[in-house]
Amino acid sequence: MNNLFARLLGTKCTLLAVVGLLTVGASPSFGQRLSPRKKPTSTAAFYTNKYPNLLREAGYSQADIDKKVAQAYHDVFEGPNKVYFAVGDSMAYVSDVKNEDARTEGLSYGMMVAVQLNKKEVFDRLWRWSKKYLQHQSGPLEGYFAWSINTATMKRNSEGPASDGELYFVTSLLFASNRWAMRRASTTTRKPAASWMPPGKKTVPATCTTSSIPSTSR
């Protein structure tokens, strides 16, 4: 994967490890009385819709932040060293350049970047490609995605799924549903969101096929 994605993934894993260690360290010793469980705060960003910008708090101007983000996006999706490649007029994939394949983690991370930056066409292209070439349509793995494919031969390197790619697909689709006001699809014209998910896990209420998102939302 591109160094940007590698750095982001490494940072995420490091933070999770630190949180895990802090949690273990904070656990009560034997015989210690547990504190009363506190009620969830209603001042969190989820409830207030006010999300902190740590770069702004660190003293960077919004113009500098926007410029940095735009440059990072350009490098990964548009520049000479890009890892995003359009296919035809409606699909695209993210390449693992080092291993010369495309992987569900890269595709789903690309979708996450696209929805965060309001790049609906990029999001749709990646989702269409992923469903067409990697999603199992039948059998014991129905609904799951093969985690790796050779983009030169279009032969899958493995039929099995990778949990990080699957989870990022789900998360990015949920974010897209909220960002682009995704509407419930007609049961006669489009499959519901959960149609691609494995049996017993069809819990997503909205539709995950972005053809139902109004095109004017870009």
Side-chain angles (χ1 to χ4, degrees), residues 1-23 38 40-86 90-97 103-130 164-165 167-183 193 204 206-208 210-218:
M1 281 302 301
N2 182 272
N3 287 338
L4 174 63
F5 288 122
R7 284 194 220 100
L8 289 173
L9 181 59
T11 300
K12 179 187 72 172
C13 293
T14 302
L15 288 173
L16 288 174
V18 171
V19 171
L21 289 173
L22 288 174
T23 302
K38 296 181 180 179
T41 178
S42 60
T43 60
F46 176 82
Y47 299 100
T48 64
N49 203 33
K50 295 179 180 179
Y51 292 85
N53 187 325
L54 300 183
L55 292 176
R56 285 295 301 274
E57 294 177 9
Y60 294 93
S61 70
Q62 189 61 52
D64 287 340
I65 295 171
D66 292 342
K67 182 179 179 180
K68 189 69 173 180
V69 172
Q71 183 62 52
Y73 179 85
H74 172 78
D75 291 343
V76 174
F77 287 83
E78 301 170 344
N81 297 316
K82 67 182 180 180
V83 297
Y84 170 87
F85 300 96
S90 64
M91 292 187 291
Y93 66 91
V94 170
S95 173
D96 184 327
V97 178
R103 305 184 175 194
T104 53
E105 59 182 328
L107 291 156
S108 57
Y109 290 0
M111 287 169 60
M112 179 62 76
V113 171
V115 70
Q116 293 281 2
L117 298 182
N118 202 26
K119 305 285 187 179
K120 181 177 178 295
E121 181 180 354
V122 170
F123 184 98
D124 285 348
R125 281 175 172 267
L126 291 173
W127 181 231
R128 292 189 191 105
W129 194 93
S130 299
D164 53 350
L167 291 172
Y168 265 85
F169 273 139
V170 172
T171 305
S172 63
L173 289 165
L174 290 172
F175 279 24
S177 176
N178 183 62
R179 156 146 265 175
W180 293 311
M182 193 178 293
R183 299 170 298 186
V204 183
T207 176
C208 284
T210 58
S211 61
S212 62
I213 299 174
S215 60
T216 55
S217 61
R218 294 181 191 174

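The figures that follow rest on heavy atoms only: side chains count, while hydrogens, waters and symmetry mates do not. Residue numbers run from 1 in the order of the sequence given.
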Go through the structure and list residues passing side-chain contact (heavy atoms from CB on, under 4.5 Å) with [X], not counting sequence neighbours.
X: Ser90; value: Arg128
X: Ser108; value: Tyr168, Phe169
X: Leu167; value: none
X: Asp66; value: Gln62

If every non-hydrogen atom of [X] is compared with every non-hydrogen atom of [Y], which pair is closest and at what distance?
X: Ala176; Y: Phe123; value: CB-CZ, 3.5 Å
X: Pro52; Y: Glu57; value: CB-OE2, 3.6 Å
X: Val94; Y: Gly110; value: CG2-CA, 4.4 Å

Holding to side chain to side chain donor-acceptor pair (under 3.5 Å), I want the full list of residues that pass it with Gln116, two or more places apart in sequence or in another chain. none

Residues forming a side chain to side chain donor-acceptor pair (under 3.5 Å) with Thr48, sequence neighbours excluded: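 Scan of Thr48 (side chain to side chain donor-acceptor pair (under 3.5 Å), adjacent residues dropped) gives none.
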
Ring pair (Phe, Tyr, Trp, His ring centres under 6.0 Å) filter on Tyr60, not counting sequence neighbours, yields none

With a 4.0 Å cut-off, would you call Lys120 and Asp124 a salt bridge?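 Salt bridge present between Lys120 and Asp124.
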
Side-chain contact test, heavy atoms from C-beta onward, threshold under 4.5 Å: evaluate it for [X] versus [Y] and give yes or no.
X: Ile65; Y: Asn53; answer: yes
X: Phe77; Y: Val83; answer: no
X: Tyr109; Y: Asp164; answer: yes
X: Trp180; Y: Asn118; answer: yes
X: Met111; Y: Leu173; answer: yes
X: Lys82; Y: Val76; answer: no

Output yes when a side-chain donor or acceptor of Arg125 lies under 3.5 Å from a complementary backbone atom of Met91, and no otherwise.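 Yes, the answer is positive, given that a donor and an acceptor are paired below the 3.5 Å cut-off.
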
Looking at [atom1] of [X] and [atom2] of [Y], how far apart are the two atoms once the value is rounded to the nearest 0.5 Å?
X: Ser172; Y: Arg179; atom1: OG; atom2: CZ; value: 13.0 Å
X: Leu126; Y: Tyr84; atom1: CG; atom2: OH; value: 5.5 Å
X: His74; Y: Asn81; atom1: NE2; atom2: CG; value: 9.5 Å

Residues passing the salt bridge (Lys or Arg N to Asp or Glu O under 4.0 Å) test with Arg103, sequence neighbours excluded, are Asp96, Asp101

